[in-house]
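All of these numbers come straight from a predicted model, not from anything done at the bench. Because only heavy atoms are used, hydrogens play no part in the values below, and waters and symmetry mates are left out as well, while side chains stay in.
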Amino acid sequence: MNRMIIPGAVALALVAGLAWWLNSQPTPAQSDLPFAAVNAQQTDGEAAETAETEEAADMEEGAASEEAAEAEDGAATDEGAEVADEEIDTSTIVEMSLGNPDSKVTMIEYASFTCPHCANFHQNQFKQLKADYIDTDKIHFIYRDVYFDRYGLWAAMVARCGGEERFFGIADMLYTQQRDWIGTGQDPVAIADRLRKIGKVAGLEEDQLEACLTDNQKAKTLVAWYQEHAEEDEISSTPTLMINGEQHSNMSYDELKEVLDEALGE
């Protein structure tokens with residue numbers, strides 16, 4: 001089953017969470033971590049304690065506690081909405097594309113670097129697609145990030161750190177090594193370090209990587225950019241393919257080839 005998303009709710013939660021990560025002030029020992037990853041882990045523990053306290057309060061205070069909880073949830077939602085509604089200029093985000101921009105067929109792939117089905121698509125269908133349709137200038141291919149979590153956002157920032165020329169090469173490394181750099185998914189420090197290593201292998205300098213990973217405004221802008229496109233194209237799962245504006249779910253290469261050939265009039 002493909003990874004599913006609810007664009008509005010997920011984007012709102014991601015933006016609200018991202019605002020906390022970006023505004024957190026890491027201690028000197030944590031300063032090398034993008035978005036205060038260690039602080040985020042500590043906050044998870046604090047949140048668990050808070051949840052237990054609130055649950056006990058609900059049992060003791062009944063309806064009064066429920067009203068307080070609703071008010072707190074409302075405040076959290078308002079705070080998230082305020083961040084999400086912040087006006088951010090997304091025109092600075094570069095579309096990562098391949099192929100012929102003048103082609104009669106434009107294919108947009110919505111994918112996440114932490115999505116296993118996206119990794120499978122890039123290791124199989126995409127390689128054939130690139131050889132048959134992109135490298136031959138038959139279609140214009142655009143890749144758009146989807147952010148399920150902070151790790152996917154970090155990976156995208158590393159991939160984009162090399163600019164348009166290196167993006168797809170780094171993206172291929174991220175998908176090929178997806179299981180390795182994500183690991184158990186429970187250690188933000190290790191994940192950040194493994195992403196740095198991928199960037200260095202791709203030829204990025206250490207200072208360049210750190211500048212990219214700690215670019216708070218770029219991170220916020222990427223999330224806003226993702227939300228805009230996900231809502232516009234009604235994206236609810238990954239990978240999702242938009243071919244000349246028509247939405248398609250993940251499919252075999254033979255099925256994809258049939259759709260593309262029809263669009264090309266072949």
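The CG atom of Asn100 sits 11.5 Å away from atom CD1 of Ile134, with the distance rounded to the nearest 0.5 Å. Distance check: Ile108 CD1 to Asn244 CG gives 9.5 Å after rounding to the nearest 0.5 Å. To the nearest 0.5 Å, atoms CD (Glu164) and CD (Glu95) are separated by 10.0 Å. With rounding to the nearest 0.5 Å, the separation of OG1 in Thr238 from CZ in Phe148 is 3.0 Å. For the atom pair CG (Leu260) and CD1 (Ile243), the distance works out to 4.5 Å, reported to the nearest 0.5 Å. Rounding to the nearest 0.5 Å gives a distance of 12.5 Å between CG of Asn124 and CG of Leu129.
For the residue pair Asp89 / Ser91, a side-chain donor-acceptor distance below 3.5 Å is found, with atom types taken as modelled. Side-chain polar atoms of Glu109 and His122 form a donor-acceptor pair below 3.5 angstrom.
By the 4.5 Å heavy-atom criterion applied to side chains, Met107 and Leu256 are counted as neighbours. Val158 places none of its side-chain heavy atoms less than 4.5 Å from the side chain of Phe113. Here the side chains of Arg144 and Asp233 are in contact, with some heavy-atom distance below 4.5 Å. Proximity of Gln125 to Asn250: side-chain heavy atoms (C-beta onward) are separated by under 4.5 Å at one or more points. Here the side chains of Leu264 and Lys104 are in contact, with some heavy-atom distance below 4.5 Å. Counting heavy atoms from C-beta outward, Leu204 and Arg166 have side chains that approach closer than 4.5 Å. Counting heavy atoms from C-beta outward, Tyr226 and Leu153 have side chains that stay 4.5 Å or more apart. Side-chain contact between Gln208 and Cys161 is present, with at least one heavy-atom pair separated by less than 4.5 Å.
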key: Chi angles and distances behind the side chain to side chain contact (heavy atoms under 4.5 Å, CB included) call for Tyr133, Asp261   = CA-CA 10 Å; Tyr133 292 92; Asp261 286 346; 2.6 Å; yes
Chi angles and distances behind the side chain to side chain contact (heavy atoms under 4.5 Å, CB included) call for Tyr253, Asp132 = CA-CA 11 Å; Tyr253 181 69; Asp132 295 343; 2.5 Å; yes
ask   = Can Arg194 and Asp187 be said to form a salt bridge (Lys or Arg N to Asp or Glu O under 4.0 Å), step by step?
value = CA-CA 11 Å; Arg194 289 192 285 262; Asp187 189 344; over 6 Å; no
ask   = Can Gln227 and Tyr147 be said to form a side chain to side chain contact (heavy atoms under 4.5 Å, CB included), step by step?
value = CA-CA 9 Å; Gln227 184 180 20; Tyr147 306 124; over 6 Å; no
message = Is there a side chain to side chain contact (heavy atoms under 4.5 Å, CB included) between Lys200 and Leu209? Walk through the geometry before answering.
response = CA-CA 8 Å; Lys200 290 177 182 177; Leu209 273 168; 3.6 Å; yes
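Minimum heavy-atom separation, Pro188 to Arg150: CG-NH2, 4.0 Å. When all heavy atoms of Pro101 and His140 are compared, the pair lying nearest together is CA-CG, 3.6 Å. Between Lys127 and Asp172, the closest heavy-atom pair is NZ-OD1, 3.5 Å. Here the closest heavy-atom approach between residue Ala230 and residue Tyr110 is recorded as N-CE2, 4.4 Å. Ser97 and Ile142 make their closest contact through CB-CG1, 4.0 Å (heavy atoms, listed as atom of the first residue, atom of the second, distance). Across all their heavy atoms, Val146 and Ser112 have their closest contact at O-CB, 3.2 Å.
Atom CD of Glu262 has 12 or fewer neighbouring heavy atoms from other residues, nucleotides or ligands inside a 6.0 Å radius. Counting heavy-atom neighbours within 6.0 Å of Glu258 CD, excluding the residue itself, gives a total of 12 or less. Counting non-hydrogen atoms of neighbouring residues, nucleotides and ligands closer than 6.0 angstrom, the CG atom of Asp207 reaches no more than 12 such neighbours. Residue Glu266 places its CD atom among more than 12 non-hydrogen atoms of other residues, nucleotides or ligands, all under 6.0 Å distant.
Between the Gln247 side chain and the Thr240 main chain, no donor and acceptor come within less than 3.5 Å of each other. A side-chain donor-acceptor contact under 3.5 Å links Ser103 to the backbone of Lys138. Side chain of Gln178 to backbone of Cys115: a donor-acceptor contact under 3.5 angstrom is found.
Below 30°, between 30° and 60°, or above 60°: for Phe126 and Phe141 the angle between ring planes is between 30° and 60°, a tilted geometry.
Each of Asp149, Leu195, Thr114 was scored for a side chain to side chain contact (heavy atoms under 4.5 Å, CB included) with Trp154, with one residue passing: Leu195.
Separation of the Tyr175 and Phe121 ring centroids does not fall under the 6.0 Å cut-off.
Cation-pi geometry between Arg160 and Phe167 is met: under 6.0 angstrom from the ring centre, within 45 degrees of the axis.
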